[in-house]
Amino acid sequence: MSWNSTLITCVGTVVSEITYKHGEDGKTSAFFRMSSTERRYNTAAGDWEDGETLWMNVSCWRKLADSVKTTLSKGDPVIVQGKLRMRYYEKDDGKKLAVHVDAMHVGLDLSRVQSLGAATLVEPRVAEDLSEETVPF
């Protein structure tokens with residue numbers, strides 16, 4: 001990690017398809033866009049409301065890119081940690097800001113995930129395997 005890097009952790013949602021590439025040097029990369037919307041409690045209304053939404057591009061490299069490709073898809077809740085990069089550019093209607101994260105860590109936000117799909121995460125043990133075990137009491 002370089003000196004004076006701005007590290008951030010962002011909780012949000014994948015809002016694009018995952019783009020996966022193999023470079024000429026054999027290194028893999030994955031890219032996606034995510035959004036993060038602040039939630040705050042409005043005491044006057046007695047209810048939660050949305051605040052500003054931050055849109056950002058996320059880059060993943062090598063082994064992390066391979067994992068992102070097989071794990072994430074559009075709409076998934078994620079937590080991303082990495083180096084913050086900001087780029088200003090000119091567009092027809094003025095100066096714009098692009099926010100980018102070079103990810104070091106990416107994972108599903110299990111506090112917000114609806115389902116991990118129909119795939120079995122751990123192979124179930126069959127009954128005959130259980131009968132061979134000795135009972136400790």
Side-chain angles (χ1 to χ4, degrees):
M1 181 170 39
S2 59
W3 289 94
N4 298 325
S5 293
T6 303
L7 298 179
I8 64 165
T9 301
C10 196
V11 177
T13 304
V14 176
V15 295
S16 71
E17 298 299 327
I18 309 299
T19 303
Y20 183 76
K21 297 179 182 178
H22 282 278
E24 291 178 16
D25 55 0
K27 295 178 183 166
T28 56
S29 59
F31 305 96
F32 62 93
R33 286 187 52 79
M34 72 176 284
S35 67
S36 179
T37 303
E38 174 189 12
R39 294 283 293 165
R40 57 180 163 236
Y41 190 76
N42 182 336
T43 53
D47 201 7
W48 290 91
E49 61 185 26
D50 288 341
E52 294 290 322
T53 298
L54 174 65
W55 301 89
M56 65 196 89
N57 301 308
V58 180
S59 299
C60 307
W61 305 95
R62 299 176 185 83
K63 194 173 185 179
L64 179 59
D66 300 338
S67 296
V68 163
K69 174 191 169 219
T70 59
T71 306
L72 294 183
S73 59
K74 186 175 180 179
D76 284 342
V78 291
I79 301 173
V80 174
Q81 183 179 51
K83 296 176 189 174
L84 177 65
R85 308 270 190 229
M86 295 173 32
R87 181 177 59 87
Y88 293 94
Y89 63 96
E90 293 287 331
K91 196 148 184 185
D92 301 334
D93 51 351
K95 197 171 189 177
K96 300 285 185 178
L97 170 66
V99 179
H100 187 90
V101 177
D102 288 330
M104 296 184 305
H105 307 281
V106 176
L108 282 173
D109 182 355
L110 295 179
S111 70
R112 297 185 305 131
V113 73
Q114 297 297 316
S115 168
L116 294 177
T120 305
L121 298 177
V122 178
E123 285 292 321
R125 297 175 65 185
V126 291
E128 55 266 8
D129 290 344
L130 297 174
S131 63
E132 294 174 7
E133 289 185 13
T134 57
V135 178
F137 49 90

Using every non-hydrogen atom in the two residues, find where Ala103 and Leu64 come nearest and quote the distance to one decimal. O-CD2, 3.6 Å

Those residues that, when tested against Glu38, pass salt bridge (charged side-chain N to carboxylate O under 4.0 Å, His left out) (two or more places apart): Arg40

So, the side chain of Thr71 versus the backbone of Val68: is there a donor-acceptor pair under 3.5 Å, distance only? no

According to side chain to side chain donor-acceptor pair (under 3.5 Å), who are the partners of Thr6, at least two apart in sequence or on a separate chain? none

Which residues pass the side chain to side chain donor-acceptor pair (under 3.5 Å) test with Ser29, not counting sequence neighbours? none

Rounded to the nearest 0.5 Å, what separates atom CE in Met104 from atom CG in Leu7? 4.5 Å

Salt bridge (charged side-chain N to carboxylate O under 4.0 Å, His left out) filter on Asp102, not counting sequence neighbours, yields Arg85

Are Val101 and Tyr89 joined in one hydrophobic group, where the rule is that I, L, V, M, F, W and Y side chains link up if heavy atoms are under 4.5 Å apart? no

Do you know the tightest heavy-atom contact between Val78 and Arg112? N-NH2, 3.6 Å

Side chain to side chain contact (heavy atoms under 4.5 Å, CB included) between Leu72 and Leu108: does it pass, once the steps are laid out? CA-CA 8 Å; Leu72 294 183; Leu108 282 173; 3.7 Å; yes

Smallest separation among heavy atoms of Ala65 and Ala30, with atom names: CB-N, 3.5 Å

Which distance, rounded to the nearest 0.5 Å, do you find between the CH2 of Trp48 and the CG of Asn42? 10.5 Å

Under the ring pair (Phe, Tyr, Trp, His ring centres under 6.0 Å) rule, collect the residues that match up with Tyr88, sequence neighbours excluded. none

Those residues at least two apart in sequence (or on a different chain) that pass side chain to side chain contact (heavy atoms under 4.5 Å, CB included) with Asp93 are Lys91, Lys96

Can you tell me if Glu49 has over 12 outside heavy atoms packed within less than 6.0 Å of its CD? yes

Hydrophobic cluster (4.5 angstrom, side-chain heavy atoms) - remaining members for Tyr20: none

Qualifying residues under side chain to side chain contact (heavy atoms under 4.5 Å, CB included), relative to Ile79, sequence neighbours excluded: Thr9, Val11, Asp109

If hydrophobic clusters are built from ILVMFWY residues whose side chains come within less than 4.5 Å, do Val80 and Met86 share one? yes

Give the table of side-chain donor-acceptor pairs shorter than 3.5 Å for residues 53-62, with sequence neighbours excluded, one pair per line with atom names and distance.
residue, atom, partner, partner atom, Å
Thr53, OG1, Thr37, OG1, 2.9
Asn57, OD1, Arg33, NH1, 2.8
Ser59, OG, His100, NE2, 2.7

Those residues at least two apart in sequence (or on a different chain) that pass salt bridge (charged side-chain N to carboxylate O under 4.0 Å, His left out) with Asp92 are none

Pairing residues for Lys74 by the salt bridge (charged side-chain N to carboxylate O under 4.0 Å, His left out) criterion, not counting sequence neighbours: none

In chain order, what residues pass the side chain to side chain donor-acceptor pair (under 3.5 Å) check against Arg39, with sequence neighbours excluded? Asp50

Could you walk me through whether Phe32 and Asp76 pass the side chain to side chain contact (heavy atoms under 4.5 Å, CB included) test, one step at a time? CA-CA 11 Å; Phe32 62 93; Asp76 284 342; over 6 Å; no

From CD (Gln81) to CD1 (Ile8), nearest 0.5 Å: 9.0 Å

